[in-house]
Amino acid sequence: MRGIAIAAITTAPVAATGFADWRISTILLAAWAVAVLGVVEEISPLPAITRLSVQSLAAGGIVLCGLQITLTGDLVDGPVTVMWTVAATNGFALLDRFDRAATGAAVAAAACLAGAALASAEPAHAVLPGALLAGLACACLGGGGRRLGPSASLFAGFVLAAAATVLVCGRGIGAITAGLALPTSITVAVAAWAARRHAAHRQATSATPPRDLAFSRRSYF
């Protein structure tokens, strides 16, 4: 249920502005569907095909509303946007297996996307990542476990992927590559750090002798 709380906190400031950008309201509706999917997943594990189908439908919904990565200007941009959104969403879900790694990656990506929008003189595009940043901050302050959980990680991943798409929609290849690489590179960097830290912890744990063996050695000498 942590994901529903973060979704509600993220939606609140956007709703307070009166949903000035209809694309943001579309993204939030789709992200809510993904968050509910995560809640169901927390209760009872779902088949992978079910999860991917719901996520693809949610991503397809924002594409049908005119929000997509404009790489070629042809019909292929729609499927590319769906695949990018689903991949980024599940990337955060997988990253959530490493304690607070998903939280750190989501906070960093949201802050960077909001900063990029402000630097591009498009403050309206900073509303969504900024609202997500507020939701994640409240979740961190509220505690409730080190991991985000399936629902929150799916919601955060979907919102960040969509926010990056909003930022690069209608721009050139260079801007699109940079905009999509921003959250991706942060996720990969945090994943590499978390995997290395986890491996070092496991190595240290396996190298530590059992307590009773250590005690017997001290007693012997």
Side-chain angles (χ1 to χ4, degrees), residues 1-15 23-65 67 81-111 113 128-166 183-184 186-188 190-191 194-195 198:
M1 298 302 292
R2 196 177 188 186
I4 300 300
I6 293 178
I9 296 173
T10 303
T11 305
V14 180
R23 295 179 300 179
I24 294 180
S25 60
T26 301
I27 292 172
L28 285 175
L29 286 174
W32 267 95
V34 174
V36 172
L37 173 69
V39 172
V40 176
E41 179 72 15
E42 292 174 0
I43 298 172
S44 177
L46 297 171
I49 186 64
T50 302
R51 298 195 303 269
L52 292 176
S53 297
V54 174
Q55 294 166 9
S56 298
L57 287 173
I62 65 175
V63 170
L64 290 176
C65 291
L67 179 62
T81 304
V82 171
M83 289 187 290
W84 146 255
T85 306
V86 172
T89 300
N90 285 283
F92 273 92
L94 291 175
L95 190 58
D96 192 50
R97 296 182 180 182
F98 298 102
D99 290 340
R100 294 180 179 176
T103 306
V107 168
L113 287 173
L128 188 57
L132 177 62
L133 190 60
L136 292 170
C138 291
C140 293
L141 294 175
R146 304 186 69 182
R147 295 172 53 191
L148 284 175
S151 180
S153 59
L154 288 173
F155 177 83
F158 190 93
V159 169
L160 289 171
T165 303
V166 170
T184 302
I186 291 174
T187 304
V188 171
V190 173
H198 183 68

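Atom set for the values below is all heavy atoms of this structure, side chains included, hydrogens, waters and symmetry mates excluded.
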Taking only residues two or more places apart in sequence, or in another chain, which ones meet [X] in a side chain to side chain contact (heavy atoms under 4.5 Å, CB included)?
{"X": "S53", "value": "I49"}
{"X": "L57", "value": "none"}
{"X": "I9", "value": "C138"}
{"X": "A161", "value": "W84, T85, A88"}

[Y] and [X], any side-chain heavy atoms less than 4.5 Å apart:
{"X": "V107", "Y": "L133", "result": "yes"}
{"X": "N90", "Y": "L52", "result": "yes"}
{"X": "T26", "Y": "L67", "result": "no"}

Hey, what do you get for [atom1] ([X]) to [atom2] ([Y]), rounding to the nearest 0.5 Å?
{"X": "T10", "Y": "L132", "atom1": "OG1", "atom2": "CG", "result": "5.0 Å"}
{"X": "I6", "Y": "T11", "atom1": "CD1", "atom2": "OG1", "result": "11.5 Å"}
{"X": "L160", "Y": "T165", "atom1": "CG", "atom2": "OG1", "result": "10.5 Å"}

* Verify side-chain contact (heavy atoms from CB on, under 4.5 Å) between L46 and V54, making sure each step is shown before the conclusion. => CA-CA 11 Å; L46 297 171; V54 174; over 6 Å; no
* **Pairwise salt bridge (Lys or Arg N to Asp or Glu O under 4.0 Å) hits with a residue in residues 56-65, at least two apart** => none
* Asked: Quick one: salt bridge (Lys or Arg N to Asp or Glu O under 4.0 Å) pairs with a partner in residues 28-41, sequence neighbours left out?
  -> E41-R51
* To do: Return yes if some donor-acceptor pair links the side-chain N/O of Q55 with the main-chain N/O of T89 below 3.5 Å, else return no.
  => no
Between [X] and [Y], what is the shortest heavy-atom contact and its length?
{"X": "L154", "Y": "G38", "answer": "CD1-CA, 3.9 Å"}
{"X": "V39", "Y": "S151", "answer": "CG2-OG, 3.6 Å"}
{"X": "A106", "Y": "L136", "answer": "CB-CD1, 3.5 Å"}

* T81: what forms a side chain to side chain donor-acceptor pair (under 3.5 Å) with it, not counting sequence neighbours? -> none
* Could you check I4 against F155 for side-chain contact (heavy atoms from CB on, under 4.5 Å), going step by step and ending with a plain yes or no? => CA-CA 9 Å; I4 300 300; F155 177 83; over 6 Å; no
* To do: Please lay out, stage by stage, how L28 and L128 fare under the test side-chain contact (heavy atoms from CB on, under 4.5 Å).
  => CA-CA 9 Å; L28 285 175; L128 188 57; 3.8 Å; yes
